[in-house]
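This report refers to the structure that appears directly beneath it.
Letters go in sequence order (proteins before strands), and every chain restarts at 1. All values reported here derive from a predicted model rather than from experimental measurement.
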Number of protein chains: 2
Amino acid sequence: MPTTRRRSSPRPETAARRREILQAALEIFGQKGYNNGPLAEIADQVEMTHAGILHHFGSKDRLLVEVLRYRDESDVEGLDEQHIPGGIELFRHLVRTAFTNESRPGIVQAYAVLSAESVTDGNPGRSYFEERYTVLRGEVADALREMCRDRGVDEPANVARASASVLAVMDGLQVQWLLDRDNVELAEASRFAIEAIVTAVLDPRPSPLGDDLP
Amino acid sequence: MPTTRRRSSPRPETAARRREILQAALEIFGQKGYNNGPLAEIADQVEMTHAGILHHFGSKDRLLVEVLRYRDESDVEGLDEQHIPGGIELFRHLVRTAFTNESRPGIVQAYAVLSAESVTDGNPGRSYFEERYTVLRGEVADALREMCRDRGVDEPANVARASASVLAVMDGLQVQWLLDRDNVELAEASRFAIEAIVTAVLDPRPSPLGDDLP
DNA sequence: GAATTGTTACTGACTGCATTGTAAGTTCTA
DNA sequence: TAGAACTTACAATGCAGTCAGTAACAATTC
């Protein structure tokens, strides 16, 4: 028996429809959080019923992980041109991102809310964020080492600490900014902090706090 | 008519019972988030029904704001002795806190989760966090200015940016740590970043990223 | 290239569960 | 003895997910 497999290809407009849903979900999850963001509201925004969304994504959990992947792609697409910068260019890119993010409160909020929510019990986005931070820390660390090499700094200490700190300060400032959007200082703070941290790696100096801490 | 107002005072053990509830709520909200943390689960932990909790706090919203206030108090009580340190001592205190926090994942997670969740639509904890960050930034800024004065640094630039950055880096590192508790570097990163930022205020140097950024 | 057949992309109705809040009743105690 | 500190029972939503059905479309067959 040849058992000719019958398998229709998805319709041409389906991909676009899915993207519409992902966009709407990103907005709703960003505004209200994952647990507090009902499928029905996402469905409304794309003129569909919540059952339609479940048809495309199977479950709310799976929708979330696809939303997170989608955010990644659209981020790279929108800000970068094509390649990931390295060395000093990475940090310049991060600073520019901090500034352009001021015009995208939706995405900023989605990221802040969903990353923190991901550490709660049984959250489906957790492994996404675990991996994301690991990858990003690695990229920042590589860029830092490249800068050290360029400037003849041998055996740079604190590269790992600095990488985590750079990402942390950007995330933390975003939360503060979301709570107080009129505070323009907060955007500038990203540049200041990143410069401070990079400087401390390239040209370490004695601690102003003394050497007797833990 | 004298209308002798009849108004019983609460029973002596009531205060302790309320504290038990606040403690349990802090745990549950920390583990599962505010929206995802049901009253029933908090009630279980103190051997009560959820209606009992509502008797004490009126609504879930009001419970949250009391939980946040409670966290503040117990924090100060546990770590500080009595007074808030200023100047260099504040930063030494912050670094020590970062280290001792490693043994209190519950509270750390509660803070990280609830602060991010507070920026979502209609969250009852929002104004608490708005005020908290404003106050904390002010305290850190004062401490920085004091250090500048002590060391003869005039018209220190970037004090506001540095204050926000210090808080941001601590918060951001906590999220990363919650996602990867085995990563011991992350605790040390707090000290490194705080030192870097304070140094950049006390003894500013040219940006390693160039001066042509936004 | 028309008819057939299976699949996609839904909708609407429904199920079942979780959850906050309320109301009435009970016990205890200041 | 009134009010504090509950409990039990219930009301009222809200929400994810299932299922049966329908219309449109794609692939296969003739």
Please state how far atom [atom1] in [X] lies from atom [atom2] in [N], giving the value in whole angstrom units.
X      : N       : atom1 : atom2 : answer
R17(B) : dT29(C) : CZ    : P     : 14 Å
L63(B) : dT20(C) : CG    : P     : 10 Å
N35(B) : dA18(C) : CG    : P     : 17 Å
D44(A) : dG14(D) : CG    : P     : 13 Å
E41(B) : dT19(C) : CD    : C1'   : 12 Å
R19(B) : dA5(D)  : CZ    : C1'   : 17 Å
N36(A) : dT13(D) : CG    : P     : 18 Å

message: To check you understand the geometry: which heavy-atom pair defines the closest contact between I197(B) and S165(B), and what is its length?
response: CD1-CB, 3.8 Å
Expected output: side-chain [X] to main-chain [Y] donor-acceptor under 3.5 Å:
X       : Y       : value
R19(B)  : T14(B)  : no
R161(A) : R191(B) : no
K60(A)  : G37(A)  : yes

message: Taking the nucleotide of DNA chain C with the nearest heavy atom to each, does P10(B) or G37(B) sit closer to the 5' end?
response: G37(B)
task: Give a yes or no on whether E131(B) atom CD has more than 12 heavy-atom contacts from other residues, nucleotides or ligands under 6.0 Å away.
output: no
task: With a 4.0 Å heavy-atom cut-off, tell me which residues in residues 46-61 of chain B come close to DNA chain D, sorted by residue number.
output: M48(B), T49(B), A51(B), G52(B), H55(B), H56(B)
query: Which is it for W177(B) and V108(B) under the side-chain contact (heavy atoms from CB on, under 4.5 Å) test, yes or no, and what are the steps along the way?
result: CA-CA 10 Å; W177(B) 176 68; V108(B) 169; 4.0 Å; yes
Shorter than 3.5 Å, N or O on both sides, protein versus nucleotides 22-24 of chain D: list them out with atom names.
from, atom 1, to, atom 2, distance (Å)
dA24(D), N3, R11(A), NH2, 3.0

task: Step by step, work out the salt bridge (charged side-chain N to carboxylate O under 4.0 Å, His left out) result for E130(A) and R126(A).
output: CA-CA 6 Å; E130(A) 280 174 6; R126(A) 171 153 194 157; 2.8 Å; yes
- request: Using only heavy-atom distances, determine whether the side chains of Q176(B) and N183(B) contain a donor-acceptor pair under 3.5 Å.
  value: no
Pair F129(A) + Y111(A): ring centers closer than 6.0 Å: yes
